[in-house]
Amino acid sequence: MYHATQSQALHYKRVEMLFAAAMLLFPSVLLGGVAGEDLPLFKAANLGGWLVVEGWMTPSLFDAIPNNDLLDGTQVHIKSVRLNKYICAENGGGSALMANRDIPKTWETFRLWRINATTFNFRVSNKDFVGFSTQGRGVKLVARDDEPGTNGTFNIIRNSDDPLRVRIQASNGLFLQAEAESAVTADYSGNLDQWEDQDPSVFEMHIVKSLQGEYQLTNGYGYDEASKIMMNHWNTYIVEDDFRFMRQNGLNAVRIPVGWWIMYDPMPPQPFVPGSLLALDNAFKWALNNNMKVILDLHAAPGSQNGKHHSGSRDGFIEWGDSKILETVAVIDFLARRYGAHPSLGAIELMNEPLAPGVTLDSLREYYTAGYEAVREYNPTVYVILSNRLGEADSAELLSFAARLKYSVIDVHYYNRYSDYFKGLNGQQNAEYVYKKRSKQLQEITRKKGPLIFVGEWTAALYNDNASMEDYKKFAKAQLDVFGKATFGWAYWSYKCDQNYWSFKWMIENNYMKLG
Ligand SMILES: *[C@@H]1O[C@H](CO)[C@@H](O)[C@H](O)[C@H]1NC(C)=O
């Protein structure tokens, strides 16, 4: 454990003041993020999927969860078999449920909150929860509650002969039924042995999207089982030998994604389980032993800054915003206090991949300012990394802001995928794209007296199922060449992964990639 002692903190304050005085005399020395000639040039791998779980990287961790296709955030469409219509939250929420839609879209999509393996809340597109109301005639379902109550808790009972077919039981003990298109009611008490097409309580539930992150895993297993599984994962997925391997193969740093709940260890709020902080302490030790740096990366921010599984999201909504800034700064303060004086600390990244337009530029700048100051309380010169927004955002939008913050860095993620453009391109075509387009993009954001630039995530995995070893080698080499010119350096996604081409370790061991 490394805590900056008070005298260290004082020392830093003095250094900072001297530094400020020097800046007055020689303002050209260190304006903006660029630290003179001494560029760090990190070559790193992300320790992705370690302290923040991602299902696609470690799918077997999810295997033993009962009903593991119904985890938190699973999106479903529900069709009345008898009416052959989908259930809809009128206006996306705020009013009644109907059973009147031919084609399911947003208003017909329900997100599960899992209470246990068979009990759930349903959240609709305007973020309201479904519940039943006893006002008026019948027991009508409406979607208008901010929080799920007892009346919003439902059992899903699957037909063992036809996994699509379900009955849904409300907390009054009765089952949902759609007798007509105009309402869904919680008042069916008929025969449950039959699953006839004409039965108004028989529905088809279609899973259209699912999330597999740390929230889903821990809530899926429950505290006791999740604690065991995560502890084992933290202790075995990354060990000190991995640091030796990285060092021997040309890396000088690791980027470590962490979740906001780490600051509450050993008592993180449920469903998260304790232990990731000790694992992180170990990583700092191993980094020190192997002469490597740690780039700490707040990957999952409170409320979720991008709705992705890797943000710790429960249901895919982006709920990070102004109301979460203080809590998020507290996480940075915690990390900076604990590791700010550690000789292996290379940088602190304030937030990974905020997504526009859900996260606004104003909120983000306000947070980055406060987070930056929190780090500076403990260390005047450690690099502070600001991630560019993904989505509808200009890649230069943070440059002038960051230029005013000393030792600041902008993180950009370059993946030749997530767009049809890249689908099926071979290695040569991808390499050309990297040499032409990526190097131009890098040049455009690399400004004199601006922040340093970090390609904090990239991979040599191709968006092409028919690629040869040569294809991968070309693509990898192009990226090593081009991202090697990024002023702060780069980090491969990821060090290990169930999918081979995403694994730095596998790529090195199998001669797909070699660092110069
Ligand atoms: C469900 O119950 C809660 C409180 O118990 C209440 O506030 C809410 O309005 C109820 N929901 C509906 C749809 O009536």
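Start at 1 and go down the list; that is how both ligands and their atoms are numbered. The shown structure was predicted, so the numbers you read here are calculated from the model rather than taken from an experiment.
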Checking H299 now: which residues fulfil ring pair (Phe, Tyr, Trp, His ring centres under 6.0 Å) with it, not counting sequence neighbours?
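Counting only residues at least two positions away or on another chain, H299 forms a ring pair (Phe, Tyr, Trp, His ring centres under 6.0 Å) with H310, W493.
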Please enumerate all residues that pass ring pair (Phe, Tyr, Trp, His ring centres under 6.0 Å) together with Y223, with sequence neighbours excluded.
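Scan of Y223 (ring pair (Phe, Tyr, Trp, His ring centres under 6.0 Å), adjacent residues dropped) gives none.
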N-O pairing of D146 and K127 below 4.0 Å
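A salt bridge is absent here (no side-chain N lies under 4.0 Å from a carboxylate O).
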Atom pairs and distances, side-chain donor-acceptor, residues 89-96, under 3.5 Å, sequence neighbours left out:
residue : atom : partner : partner atom : Å
E90     : OE1  : R101    : NH2          : 3.4
E90     : OE2  : R101    : NH2          : 3.0
S95     : OG   : E90     : O            : 3.3

Would K140 and F132 count as a cation-pi pair here, with the cationic atom under 6.0 angstrom from the ring centre and within 45° of the axis?
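The answer is no, since K140 fails at least one limit relative to F132.
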Test log, rule salt bridge (Lys or Arg N to Asp or Glu O under 4.0 Å), inputs K308 and E353:
CA-CA 10 Å; K308 305 282 172 56; E353 296 188 345; 5.1 Å; no
Taking any residue with a non-hydrogen atom under 4.0 angstrom from an atom of ligand 1, which ones do you get?
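Those residues closer than 4.0 Å to ligand 1 by some heavy atom are G131, F132, S133, V142, R144, D145, N151.
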